[in-house]
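Note: hydrogens, waters and symmetry copies are ignored here, and every other heavy atom, side chains too, is used.
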Amino acid sequence: MSTHSSRDTTIGVGLAFVAGFVDAAAFIALTGLFTAHVTGNFVLIGAELISTSTGVLAKLLALPTFILAVAATRLIALALERRGSSPLRPLLALEAAVLFAFAIVGAAMSPLGSPDGARAIGVGMLGVAAMGIQNGIGRLVIGHLAATTVMTVNVTQAVIDLTDRLCGARLSDQASTRLRRTLSAVLAFAAGALAGAFGIAALSFWCVLVPAFILVGLLIVPDRKPSS
């Protein structure tokens, strides 16, 4: 395996694990709030508007928070690229910093009380912001890798490639690499979700330090130089 391929695998697996961990932990701790993607929150808003459950306000605020996080990620990436610097490490460091804040503030404010209360919303938006940054990284910096936050596309593509292989088709080198990346991302996300669920049950918000430190570890992985 080449150096670039090894680096890509490390980054893809690490970020997928982080997203699965944070999404599962936040979903449990914050009464069904999805942090890594907004689709789930749209569905839950519709469900909760016709029921007596709480948490609608937090889910509504998740969208503008997510948008602002992605926009900030884009602006930072543009500024770094204009200076000839790769944005990967600074953006990973920013996401790690927000996750550290998510863990520390969440632990300090627990118990959070009502899902629509100020404490729960404030903590929840930190998680959403962190995952907004990661979604931005996925589109802006590592678009050549499999998605790390939403697994539907990855599972669909993996099934297509596996079906082609089972039908006797010979996969190109590009398709084989894609299959390896998508399967790795799906498995890492699933492992992260399991770890996040058990972690939040055992350690409350302190468990979020695990994905934060994983991001710190990814800072030592060499990144691609920006395209000229």
Side-chain angles (χ1 to χ4, degrees), residues 11-12 15-16 18-49 54-82 86-106 109 112 114-154 185 189 192-193 196 205 208 211-212 215 226:
I11 293 173
L15 287 178
V18 166
F21 193 111
V22 174
D23 218 22
F27 186 86
I28 294 169
L30 298 166
T31 317
L33 176 67
F34 285 108
T35 56
H37 58 284
V38 297
T39 306
N41 287 326
F42 285 153
V43 173
L44 290 173
I45 288 170
E48 292 177 356
L49 285 176
T54 58
V56 176
L57 180 58
K59 295 174 181 65
L60 287 172
L61 291 175
L63 178 59
T65 301
F66 189 91
I67 291 172
L68 288 173
V70 174
T73 302
R74 177 56 170 162
L75 292 174
I76 293 170
L78 286 172
L80 290 167
E81 288 167 357
R82 290 192 187 106
S86 171
L88 181 57
R89 285 196 186 95
L91 291 177
L92 288 175
L94 176 61
E95 183 184 351
V98 177
L99 279 185
F100 278 121
F102 182 43
I104 294 169
V105 174
M109 290 190 172
L112 299 178
S114 169
D116 283 329
R119 288 184 296 177
I121 290 175
V123 172
M125 294 312 104
L126 286 172
V128 171
M131 292 298 98
I133 294 168
Q134 181 162 324
N135 274 275
I137 292 172
R139 298 293 294 175
L140 297 170
V141 189
I142 55 171
H144 60 291
L145 301 182
T148 63
T149 55
V150 182
M151 293 298 111
T152 305
V153 173
N154 289 342
F189 188 95
F205 282 95
V208 181
L215 290 173

Colleague: Where is the tightest heavy-atom contact between L33 and A58, given as atom of each residue plus distance?
Modeller: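 L33 and A58 have their closest heavy atoms at CD1-O, 4.1 Å.
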
Colleague: Does D23 use its side chain to pair, donor to acceptor, with the backbone of A193 at less than 3.5 Å?
Modeller: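 No, the answer is negative, given that no donor and acceptor are paired below the 3.5 Å cut-off.
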
Colleague: Hey, could you give me the CG/CD1 distance between L57 and I121, rounded to the nearest 0.5 Å?
Modeller: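 The distance works out to 4.0 Å.
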
Colleague: From T73 OG1 over to L78 CG, what is the distance, rounded to the nearest 0.5 angstrom?
Modeller: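 Answer rounded to 0.5 Å: 11.0 Å.
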
Colleague: Does V98 form a side-chain contact (heavy atoms from CB on, under 4.5 Å) with E95? I'd like the steps, not just the answer.
Modeller: CA-CA 5 Å; V98 177; E95 183 184 351; 5.8 Å; no

Colleague: As an exercise, state the distance from NZ of K59 to CG of D116, rounded to the nearest 0.5 Å.
Modeller: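 One gets 7.5 Å once the value is rounded to the nearest 0.5 Å.
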
Colleague: Measure the spacing between CD1 of I104 and CZ of F205 and express it to the nearest 0.5 Å.
Modeller: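 Atom-to-atom, I104:CD1 and F205:CZ are 13.0 Å apart.
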
Colleague: Give the minimum heavy-atom separation between V123 and M109, together with the two atoms involved.
Modeller: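 Nearest heavy atoms, V123 then M109: CG2-SD, 4.1 Å.
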
Colleague: Report yes if some heavy atom in the side chain of L140 is under 4.5 Å from a heavy atom in the side chain of P87; otherwise report no.
Modeller: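 The answer is no; the side chains never approach within 4.5 Å.
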
Colleague: Checking Q134 side chain against L15 main chain: does a donor-acceptor pair fall under 3.5 Å?
Modeller: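 Yes, Q134 side chain to L15 backbone: donor-acceptor pair under 3.5 Å.
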
Colleague: Of all heavy-atom pairs between P211 and V22, which one has the smallest distance, and what is that distance?
Modeller: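 Smallest interatomic distance, heavy atoms only, reads CG-CG2, 4.0 Å.
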
Colleague: Once you measure the plane-to-plane angle for F27 and F34, does it fall in the parallel (<30°), tilted (30-60°) or perpendicular (>60°) bin?
Modeller: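 Aromatic pair F27/F34 classed tilted.
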
Colleague: Closest approach of N135 and A36, non-hydrogen atoms and distance?
Modeller: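 Of all heavy-atom pairs spanning N135 and A36, the closest is ND2-O, 2.9 Å.
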
Colleague: Any chance you could measure L99, atom CG, to L126, atom CG, to the nearest 0.5 Å?
Modeller: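 It is 9.5 Å, given to the nearest 0.5 Å.
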
Colleague: When rounded to the nearest 0.5 angstrom, what distance separates OG1 in T148 from CD1 in I137?
Modeller: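 If we round to the nearest 0.5 Å, T148:OG1 and I137:CD1 are 8.0 Å apart.
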
Colleague: Using a 4.5 Å cut-off on heavy atoms from C-beta on, say whether the side chain of F102 contacts that of V128.
Modeller: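 V128 vs F102: side chains apart.
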
